[in-house]
Amino acid sequence: MNEVDIQIEGGEVLASLDDRTVTGLVVPYGEKGRTNVGLLEVEAGVIRIPADPGVVGMNVDHDRFDPRGYATRLWETTAGIMASLTFAKTPEGDAALADARNPQGKRRRLSGEYRTGIKNGKATGGTLTGVALVARGAFPSAMVLAADTPDAVDEEVVTDPADDEGSEVVSSDRSVGVYTDEDGNKYRRVYESKTTVTPITEPAAEAAPDQEESEVTASAIVPATQRGGAPAAPAAAEHASPKGPTTAEVMAAFAAVRFPHLTGNAVEDAEGVLAALNALTTDLAEGGEVARPQWLGKLYQGIDYEREYIVLGTLGTDITLGGKQGWTIHRGTEEAPKNSLGEEWAGNKTEIASGVGFTRGHKSSLLKWAFGADIAREFFDLPGAEEAIEAFFALVLEDHLIWSDQKALEVWRTVAGLPVEAEAYPDVEGHDYPTSLGMVIQGILAVKAKKKDKKRDKPTFIIANDIAFKELIYTPKDLIPENVKFTASTDWQGTGDGLVLVVGDTGVYSTPSVIVGSGKAVQFDELPGGPLKIDALDLAKGGIDRAIHGYLQVFIVRAEAVVHVGAADARANATDYEVGDLAKAAAVVYQAVRAGKSGGSVPEAPAVGETVVDGNAETGVIWKRLV
């Protein structure tokens with residue numbers, strides 16, 4: 001972003017001789033001020049404060065080659081950025097301190113320096129780099145505002161040099177400042193301030209409110225000088241009014257009550273001014289809908305969904321209409337598979353063992369998801385509500401994330417198949433290992449164990465149901481085997497001997513249950529860049545049709561690399577079941593292959609590996625018999 005150097009006058013200086021410090025407002029918030037690059041407004045939080053205030057130097061009239069001190073503290077208030085600065089122990093620093101403390105001093109204002117971009121008349125960012133002692137402020141908050149004091153002696157009139165030829169006066173104000181010297185004498189200083197706009201003929205310096213930021217070489221503001229002369233006429237006579245306090249007095253009272261550390265005026269005097277005002281109640285706003293609610297836009301609706309189960313597998317984008325297909329080779333025949341071929345040979349030209357092999361085909365499946373809506377085109381043609389449409393479809397995209405992740409969890413439950421019964425874990429004197437911890441260790445060992453093909457697998461993840469995870473998280477560290485590394489935390493995640501641990505429905509809900517597997521067992525593929533968003537015009541009805549399409553390709557590579565440890569729940573009547581859920585009726589164990597509601601009685605058991613409908617033919621759950 002192109003940036004410009006900014007110097008803006010801030011607030012009245014409050015100086016202390018004892019510790020050689022000066023304190024004041026250096027960057028006002030929410031006010032339009034005249035800077036070296038034109039009118040500018042700074043909003044809260046836009047200009048950053050350095051972590052170490054010592055890098056911010058203090059100079060005079062924005063002359064960085066005339067250092068007078070450095071910042072010792074920087075902080076934010078509702079009024080703007082405040083600064084406390086220490087004067088250098090040099091003749092120049094002594095002179096600047098004396099000038100700041102003197103009510104008639106030339107430079108009693110602080111001005112912030114920073115580099116920023118400008119857009120629509122507002123600063124877009126930057127860091128405070130310096131503070132200058134200057135004569136007059138460019139912002140309304142830089143004026144001294146105080147209630148008039150009748151017994152004060154008029155000191156002088158200080159005016160803004162706003163009478164430059166060709167300038168147009170756009171606003172003006174007059175205010176009174178009251179000071180008390182060491183002897184108790186009061187002095188009144190009258191400020192007359194005019195804000196002007198001077199046409200600039202150079203094209204490079206002109207800036208429309210909506211133009212992009214541009215690079216500008218900026219110089220410091222030429223400080224306004226105080227004009228001395230004969231004492232002005234008593235300001236009290238000019239401001240006198242039988243109807244109550246003047247505008248300057250009211251503004252002075254507000255400033256004194258709200259920011260006594262900036263104005264230096266007595267709060268009790270300010271409260272006296274405010275007490276003379278007529279009361280305006282909330283009834284004023286009722287007739288014309290004046291009071292508007294604070295618009296916050298879209299509110300917080302919880303943590304955005306992050307997928308947990310699809311990332312446990314091998315996630316990629318190799319998705320095609322035909323899908324993936326491959327094969328594995330095995331010993332023996334499909335009807336009579338063998339665990340090994342060949343045998344010891346007697347030699348001496350005797351017969352050797354022989355045999356055959358067979359292949360099994362593997363093909364991916366394709367799952368499809370979609371959503372569409374017919375939207376009134378006014379949402380797109382006219383400003384004011386497009387944010388709601390985008391937020392709505394952001395919810396729809398989140399629904400796709402949830403759908404794909406739940407489908408992945410169903411796959412893990414289905415691939416794991418028949419659960420292995422939990423073993424009776426060895427008792428160790430003085431230790432009573434929790435059942436869930438034993439299941440995790442048993443599952444890890446089962447995945448690492450040699451299978452029928454004499455191959456081992458490397459586990460990468462653990463899925464624990466709610467009961468198992470809560471038991472794991474409450475496991476004391478002295479009940480974890482010494483050679484096993486295990487963690488579980490309240491963010492519903494953890495690790496088990498280097499494996500990723502997540503919480504999820506394993507298909508068992510009444511007792512502890514865990515699924516342990518290898519990420520290479522299943523491949524998940526999606527469209528690159530996420531679901532497709534399609535917009536189409538509905539000319540006949542004046543609308544815009546928007547649809548979102550997502551696809552999930554599932555390729556089961558090695559089911560043996562996923563193990564379920566636990567026990568199936570007893571089947572229940574009139575109960576909703578999800579894909580992958582387990583149920584046991586007598587000695588028969590089922591797994592749901594279609595979600596649905598069970599019927600009022602146990603269905604007739606099919607052969608192992610076959611399916612049966614439980615309940616309504618259209619809406620009932622379909623079971624596959626596992627054993």
Say you draw a straight line from [atom1] of [X] to [atom2] of [Y]; how long is it, rounded to the nearest 0.5 Å?
X: Tyr577; Y: Ile622; atom1: OH; atom2: CD1; value: 15.0 Å
X: Thr475; Y: Phe486; atom1: OG1; atom2: CZ; value: 6.0 Å
X: Arg413; Y: Glu578; atom1: CZ; atom2: CD; value: 7.0 Å
X: Phe469; Y: Thr506; atom1: CZ; atom2: OG1; value: 14.0 Å
X: Ser364; Y: Gln523; atom1: OG; atom2: CD; value: 9.0 Å
X: Ile467; Y: Ser436; atom1: CD1; atom2: OG; value: 8.5 Å

Would you indicate whether the side-chain heavy atoms of [Y] and [X] approach each other to under 4.5 Å?
X: Lys122; Y: Val46; answer: no
X: Lys597; Y: Asn616; answer: no
X: Ile480; Y: Leu437; answer: yes
X: Leu472; Y: Pro434; answer: no
X: Tyr114; Y: Val27; answer: yes
X: Asp318; Y: Asp525; answer: yes
X: Thr78; Y: Tyr29; answer: no
X: Val42; Y: Ile81; answer: no

Checking [X] side chain against [Y] main chain: does a donor-acceptor pair fall under 3.5 Å?
X: Thr487; Y: Thr495; result: yes
X: Glu560; Y: Lys451; result: no
X: Asn465; Y: Ser513; result: yes
X: Glu471; Y: Thr435; result: yes
X: Gln591; Y: Gly580; result: yes
X: Asp497; Y: Val484; result: no
X: Arg571; Y: Ser601; result: yes
X: Asp535; Y: Arg546; result: no
X: Asp569; Y: Val508; result: no
X: Thr575; Y: Ser598; result: no

_CA sep, side-chain torsions, deciding dist, call: Asp405, Val311, side-chain contact (heavy atoms from CB on, under 4.5 Å)_ = CA-CA 8 Å; Asp405 208 30; Val311 294; 5.9 Å; no
*Side chains of Arg558 and Ser518: is there a donor and an acceptor less than 3.5 Å apart?*
no
So does [X] pair up with [Y], basic N to acidic O under 4.0 Å?
X: Arg594; Y: Glu618; answer: no
X: Lys584; Y: Glu421; answer: no
X: Asp457; Y: Lys520; answer: no
X: Asp374; Y: Lys541; answer: no

Kindly give the heavy-atom pair with the smallest separation between [X] and [Y], and that separation in Å.
X: Leu418; Y: Val627; answer: CD1-CG1, 3.8 Å
X: Leu501; Y: Ala464; answer: CD1-CB, 4.1 Å
X: Trp412; Y: Ala521; answer: CZ3-CB, 4.4 Å
X: Met439; Y: Ala422; answer: CE-CB, 3.7 Å
X: Thr460; Y: Gly519; answer: OG1-N, 2.8 Å
X: His362; Y: Thr328; answer: NE2-OG1, 3.0 Å

Within a 6.0 Å radius of atom [atom1] on [X], are there more than 12 heavy atoms belonging to other residues, nucleotides or ligands?
X: Leu321; atom1: CG; answer: no
X: Tyr509; atom1: OH; answer: yes
X: Ile352; atom1: CD1; answer: no
X: Phe358; atom1: CZ; answer: yes

*Could you go through the salt bridge (Lys or Arg N to Asp or Glu O under 4.0 Å) check for Lys407 and Glu526 one step at a time?*
CA-CA 13 Å; Lys407 287 299 178 183; Glu526 302 176 299; over 6 Å; no
_In terms of relative ring orientation, are His549 and Tyr551 parallel, tilted or perpendicular, with 30° and 60° separating the classes?_
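Because their plane-to-plane angle is under 30°, the rings of His549 and Tyr551 count as parallel.
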*For the residue pair Trp403 and Trp369, does the interplanar ring angle fall in the parallel (under 30°), tilted (30 to 60°) or perpendicular (over 60°) class?*
tilted
*Pair Tyr590-Leu582, side-chain contact (heavy atoms from CB on, under 4.5 Å): steps then yes or no*: CA-CA 6 Å; Tyr590 297 100; Leu582 297 162; over 6 Å; no
*Knowing that exactly one of Val522, Val411, Leu409, Ile463 qualifies, which makes a side-chain contact (heavy atoms from CB on, under 4.5 Å) with Leu312?*
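With Leu312 as partner, Val522, Val411, Leu409, Ile463 yield a single side-chain contact (heavy atoms from CB on, under 4.5 Å), made by Ile463.
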*Check against side-chain contact (heavy atoms from CB on, under 4.5 Å), Thr414 and Val593*: CA-CA 8 Å; Thr414 303; Val593 294; 5.7 Å; no
_Ile375 vs Phe393, test: side-chain contact (heavy atoms from CB on, under 4.5 Å). Steps then yes/no._
CA-CA 11 Å; Ile375 310 166; Phe393 277 95; 3.5 Å; yes
